[in-house]
Amino acid sequence: MDFCIYDIIIIIMKKYILIICLLIVSCGVNAEVLTGGIKYTAQDAKLELQNNRPSGIDYILANNNYVDKNRRQNLDALLNGVTKLNDRTLAIFSDKSYGVNYNKDPLHVWYYAYDGNLIYSEEKSSLNYPYRTYKYTPDGDLINMSMRVSEGEAFIFSPQGELLGHWIGKNCYDKNGKVIMTRKILK
C-alpha cells in the first residue's frame with residue numbers, strides 16, 4: 001500500500017479532531033456535574049442534621065402562633081386549590097392538617113390541625129436548598145428534623161436519628177419504601 005504525505009497528514013488530522021471533540025464533550029459533562037447540585041443519601045442528611053442542631057424553639061414566637069388567626073380564610077383557599085395568598089403560602093396534607101408560611105417570617109412554618117390549633121412549628125436554617133429544618137411541638141419538644149434537598153425531596157429523622165420518611169414528590173416513603181403520607185402539590 002502506497003501512502004503519500006497528504007494521506008498521512010489527513011489521518012493525523014482526523015485523530016486530532018476526534019481527540020478535540022472528545023475533550024469538548026467531556027468538558028461539557030464535567031460542567032454539568034459541577035452545577036448539578038449536591039446529592040444526599042439518608043446517612044449524609046442524618047449527619048448534617050445531628051451536627052448542626054439548634055438550641056431550641058422560640059417560645060414567644062410559638063405562643064404568638066398557637067392558634068391560626070386566619071383559619072377560615074386558609075381552609076377556604078386550600079379547599080379551592082389556592083396555596084399562595086398575598087402574605088403567606090399554604091400546604092394541605094392527607095391527614096387534614098395544614099401548614100402556613102408567612103412571607104414576613106420565611107424561616108418558620110406553622111402546622112395546624114383542622115381546628116386551627118398549632119400542632120407543630122418548624123424552623124428552617126436557610127431559604128436555599130439544601131437546608132435543614134427542625135420541627136417542634138408547641139411545648140418545645142423536638143419532634144423531627146429534616147434535610148430539604150430540593151423542592152420535591154426531603155429526608156425526615158427522629159431526634160435520635162432514625163429515618164422516619166423520605167419525601168419524593170407528592171409521596172412520603174418509610175424506610176422500607178412504603179408510602180406513609182401524600183401531599184397535594186399545586187403550582
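All figures in this text were calculated on a predicted structure; none of them were measured in a lab. Heads up: numbering here begins at 1 and tracks the sequence.
From K124, atom NZ reaches atom NE2 of H108 across 10.5 Å, with rounding to the nearest 0.5 Å. The OG1 atom of T137 lies 9.0 Å from the CG atom of L142; values are rounded to the nearest 0.5 Å. The CG atom of N144 sits 7.5 Å away from the CD atom of E122 when rounded to the nearest 0.5 Å. In this structure, CG in N64 is found 6.0 Å from NZ in K69, a value given to the nearest 0.5 Å. Note that the NZ atom of K46 and the CD atom of E162 stand 9.0 Å from one another [nearest 0.5 Å]. Distance check: S125 OG to M145 CE gives 13.0 Å after rounding to the nearest 0.5 Å.
A donor-acceptor distance shorter than 3.5 angstrom exists from the side chain of N103 to the backbone of N86, with no hydrogens or angles considered. Looking at N101, its side chain never comes within 3.5 Å of a backbone N or O of L90 through a donor-acceptor pair. Side chain of D95 to backbone of S97: a donor-acceptor contact under 3.5 angstrom is found. In this structure, S146 contributes its side chain and R148 its backbone to no donor-acceptor pair below 3.5 Å. In this structure, the side chain of N80 engages the main chain of D76 through a donor-acceptor pair within 3.5 Å. Judged purely by atom type and a 3.5 angstrom limit, Y134 uses its side chain to pair as donor or acceptor with the backbone of L49. Remark: side-chain polar atoms of D139 are not paired, donor with acceptor, to backbone N or O of D141 under 3.5 angstrom. At least one donor-acceptor pair closer than 3.5 Å links the side chain of R53 to the backbone N or O of P159.
With no hydrogens or angles considered, no side-chain donor-acceptor pair links N65 and Y102 at under 3.5 Å.
You'll find the side chain of F155 stays beyond 4.5 Å of the side chain of T41, heavy atoms only. Contact annotation: the side chain of V67 approaches that of N117 to within less than 4.5 Å [non-hydrogen atoms, C-beta and beyond]. Side-chain atoms of I180 and L164, non-hydrogen and from C-beta on, never get closer than 4.5 Å to each other. A 4.5 Å side-chain heavy-atom check between L61 and D105 finds at least one atom pair inside the cut-off. Within the 4.5 Å cutoff, side-chain heavy atoms of M181 are placed close to those of W167. Under the 4.5 Å side-chain criterion, counting only non-hydrogen atoms from C-beta, Y173 is not in contact with L163. Side-chain contact check for Y112 versus N74: every heavy-atom pair is 4.5 Å or farther apart. Between P130 and M147 there is a side-chain heavy-atom pair separated by less than 4.5 Å.
In the hydrophobic clustering of ILVMFWY residues, with side-chain heavy atoms under 4.5 Å counting as a link, L47 and F157 come out apart. I57 and L107 fall into different hydrophobic clusters, where Ile, Leu, Val, Met, Phe, Trp and Tyr side chains are chained together by heavy-atom contacts under 4.5 Å. Hydrophobic clustering (side-chain heavy atoms under 4.5 Å, transitive across Ile, Leu, Val, Met, Phe, Trp, Tyr) keeps F93 apart from I168. Both W110 and Y66 sit in one connected hydrophobic cluster of ILVMFWY residues. Membership requires side-chain heavy atoms under 4.5 Å apart, directly or through other members. The cluster map of Ile, Leu, Val, Met, Phe, Trp and Tyr, joined by side-chain heavy atoms under 4.5 Å apart, puts Y131 and V149 in different clusters.
Among all heavy-atom pairs drawn from G165 and C172, the shortest one is CA-SG, 3.8 Å.
Cation-pi check for K135 over Y120 is met; the charged atom lies under 6.0 angstrom from the ring centroid and within 45 degrees of its normal.
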Inset, instruction - Evaluate side chain to side chain contact (heavy atoms under 4.5 Å, CB included) for R88 paired with K104, printing each intermediate quantity in order. - result: CA-CA 8 Å; R88 60 193 175 272; K104 67 181 180 189; over 6 Å; no

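No more than 12 heavy atoms of other residues, nucleotides or ligands shown are found within 6.0 angstrom of CD1 on I60.
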